[in-house]
> 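One structure, as structure tokens, below. Some questions next.
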Amino acid sequence: MPMLTVCGSALDAWFGVCADLGIQPPETGISASEHNAGVIPLAGFVAMLEATASHYKEGPLGWIAGERFEFTQLGEIGKAILSSSTLGTALQRFVDYFALVQDAAEFDIRVCDDTVTVGYRILAPEIWPRQHDALFTLSIVGQLLRRAQSFDWTSVQLALEGNDPALTTAVRHRTGVACTDKADTNLIRFPASALALPMAHRDDVIRPDYKILNRDLAQKRRAMSVELRVETEVYRLLGADLPSQDLIASNLGMSTRTLRRRLAQANRSFQDIVYKCRMKQAAHEFRWRRSGSIAHTALRLGYSEHSALTRAFRRWSGVSPQTYLHA
């Protein structure tokens with residue numbers, strides 16, 4: 001997969017929080033030229049968050065950092081969020097423009113019956129552990145919820161994709177709300193009625209130039225390689241739908257024929273991308289979700305029986321899933 005990136009302001013925000021808390025973050029491995037270019041490697045950023053948080057004993061650092069995050073650090077995106085009149089608009093703008101902040105992320109809002117779910121996860125299984133990155137993002141969303149007038153924080157529920165009972169307990173203590181782990185994605189839930197709540201008014205916020213934001217968003221999508229766009233869609237669909245070429249082409253706004261041609265130009269095939277994504281996701285689940293069975297993983301990844309996954313995984317990794325599980 002091509003290098004995934006996150007905007008440099010995310011690193012600046014994290015350094016600012018560390019300075020406020022008197023924490024010395026470890027070396028990032030991120031070069032000055034990368035930082036000055038405005039984007040940094042996502043894997044390096046996430047690894048730095050995890051390393052910093054592992055030495056902090058006063059609470060879940062990812063969540064604490066999100067509480068202190070300044071939306072103005074997001075530039076025009078921050079203006080779009082802060083100038084929103086309602087909570088629903090603020091959240092939607094955050095989701096709509098998040099692709100300008102970070103690559104390969106599933107960040108969405110879903111309304112079902114009377115409940116809103118805001119979900120977030122990195123669509124790259126090789127970037128792990130990533131629990132404090134998830135907490136950082138969910139806490140920023142939580143900050144928006146708290147900015148809404150008369151929002152009932154006790155109505156919130158949290159879920160994390162990680163498997164760290166101590167961290168989950170620390171999040172419960174910090175937030176005062178229910179939090180579970182081992183979820184398929186990281187999420188924050190609250191009543192749908194809250195979407196209409198007015199946001200706290202700020203006199204110092206200037207409305208953004210939406211033409212610039214929409215232009216930048218369109219340019220970034222055009223600049224993404226077709227390989228990265230397909231891989232991101234495959235990871236997004238794994239576990240929910242069988243990632244067919246027709247479906248992914250439709251999601252990317254092109255015909256199946258066009259998608260096939262553009263992949264061929266990049267010397268890639270759709271089947272090869274799906275195969276490698278399935279194997280990387282399987283390796284992730286075998287390593288980090290050891291409580292799940294091989295049969296369950298096979299079903300999640302679209303295999304009709306676990307023997308098909310076993311053969312494919314042995315061909316890809318050189319060892320069987322059972323051997324990999326106990327390595």
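Only a predicted model underlies this, so the values are computations on that prediction, with no experimental measurement involved.
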> Spell out, as yes or no, whether a donor-acceptor pair under 3.5 Å connects the side chain of Arg93 to the backbone of Ala80.
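Yes: the side chain of Arg93 pairs with the backbone of Ala80.
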> Counting only heavy atoms not in Arg110 (residues, nucleotides, ligands), do more than 12 fall under 6.0 Å from its CZ?
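Atom CZ in Arg110 is not packed in, count stays at 12 or less.
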> Got a second to check how far Ser255's OG is from Arg260's CZ, nearest 0.5 Å?
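Between Ser255 OG and Arg260 CZ, I get 8.5 Å after rounding to 0.5 Å.
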> Within the distance-only criterion (no hydrogens, no angle test), does the side chain of Ser139 pair as donor or acceptor with the backbone N or O of Gly142 below 3.5 angstrom?
no
> Can you tell me how the ring of Phe136 sits relative to the ring of Trp14, calling it parallel under 30°, perpendicular over 60° and tilted otherwise?
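If you compare the ring of Phe136 with that of Trp14, the planes turn out perpendicular.
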> Under a 4.0 Å threshold between the charged nitrogen and the carboxylate oxygen, would Glu161 count as salt-bridged to Arg130?
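Yes, Arg130 and Glu161 are salt-bridged.
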> If you apply the rule salt bridge (charged side-chain N to carboxylate O under 4.0 Å, His left out), what do you find for Lys220 with Asp216, and how did you get there?
CA-CA 6 Å; Lys220 178 160 187 179; Asp216 291 348; over 6 Å; no
> Considering all heavy atoms of both residues, which atom of Ala99 and which atom of Leu217 are nearest to each other, and what is their separation?
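So the minimum-distance heavy-atom pair works out to CB-CD1, 3.9 Å.
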> For the pair Ser155 (side chain) and Pro191 (backbone), establish whether a donor and an acceptor sit closer than 3.5 Å, ignoring hydrogens and angles.
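Absent.
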> Please check if atom NE2 in His284 has more than 12 non-hydrogen atoms from other residues, nucleotides or ligands closer than 6.0 Å.
yes
> Using the six-membered ring of Tyr235, assess whether NZ or CZ of Arg278 lies under 6.0 Å from its centre and within 45 degrees of the ring axis.
no
> Please check: side-chain N/O of Trp63 versus main-chain N/O of Thr137, any donor-acceptor pairing under 3.5 Å?
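Side chain of Trp63 to backbone of Thr137, a donor-acceptor pair under 3.5 Å: no, none is there.
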> His306 side chain to Ala295 main-chain N or O, any donor-acceptor pair under 3.5 Å?
no
> Indicate whether any N or O donor in one side chain lies under 3.5 Å from an N or O acceptor in the other, for Ser307 and Glu305.
yes
> Within the distance-only criterion (no hydrogens, no angle test), does the side chain of Thr323 pair as donor or acceptor with the backbone N or O of Val319 below 3.5 angstrom?
no
> In Å and rounded to the nearest 0.5 Å, what is the CG to CG distance from Leu61 to Leu167?
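Reported to 0.5 Å precision, the distance equals 10.5 Å.
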> Name the one of Leu87, Leu91, Thr86 that satisfies side-chain contact (heavy atoms from CB on, under 4.5 Å) with Thr89?
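The side-chain contact (heavy atoms from CB on, under 4.5 Å) with Thr89 is passed solely by Thr86 among Leu87, Leu91, Thr86.
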> Nearest 0.5 Å, please: how far is OG1 in Thr5 from CD in Gln102?
8.5 Å
> Would you call Lys79 and Asp209 a salt bridge, using N to O less than 4.0 angstrom?
no
> Go through the side-chain N and O atoms of Asn214 and Tyr97 and say whether any donor and acceptor fall under 3.5 Å apart.
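A pair is found: one side chain offers a donor N or O, the other an acceptor, under 3.5 Å apart.
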> In Å, rounded to the nearest 0.5 Å, how long is the span from CZ of Phe98 to CZ of Phe107?
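These two atoms lie 5.5 Å from each other.
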> Answer yes or no: is there a donor N or O on one side and an acceptor on the other, between the side chain of Ser9 and the main chain of Asp12, under 3.5 Å?
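No, Ser9 side chain to Asp12 backbone: no donor-acceptor pair under 3.5 Å.
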> Given Phe190, which partner from the list Val141, Leu195, Thr154 fulfils the side-chain contact (heavy atoms from CB on, under 4.5 Å) test?
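Going through the options one by one, the only one that passes is Leu195.
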> So Thr52 and Cys18, do their side chains get closer than 4.5 Å, heavy atoms only?
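Yes, side chains in contact.
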> Would you call Asp103 and Ile122 a side-chain contact if the rule is heavy atoms closer than 4.5 Å?
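In short, these two side chains do not touch, never coming nearer than 4.5 Å.
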> Checking the side chain of Asp113 only, and the main-chain atoms of Thr115 only, is there a donor and an acceptor separated by less than 3.5 Å?
no
> Specify the closest pair of heavy atoms between Gln131 and Glu50, including all atoms of both residues, with the distance to one decimal.
N-OE2, 2.8 Å
> Would you please classify the geometry between the Trp316 ring and the Phe313 ring as parallel, tilted or perpendicular, with 30° and 60° separating the classes?
tilted
> Would you say that Val156 contacts Leu158 through its side chain, given a criterion of any heavy-atom pair below 4.5 Å between the two side chains?
yes
> In this structure, are over 12 heavy atoms from other groups packed under 6.0 Å from Asp204 atom CG?
yes
> Are any side-chain N or O atoms of Glu70 and backbone N or O atoms of Ala13, one a donor and one an acceptor, separated by less than 3.5 Å?
no
> Would you find a donor on one side and an acceptor on the other, under 3.5 Å apart, between the side chain of Thr258 and the backbone of Met254?
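No.
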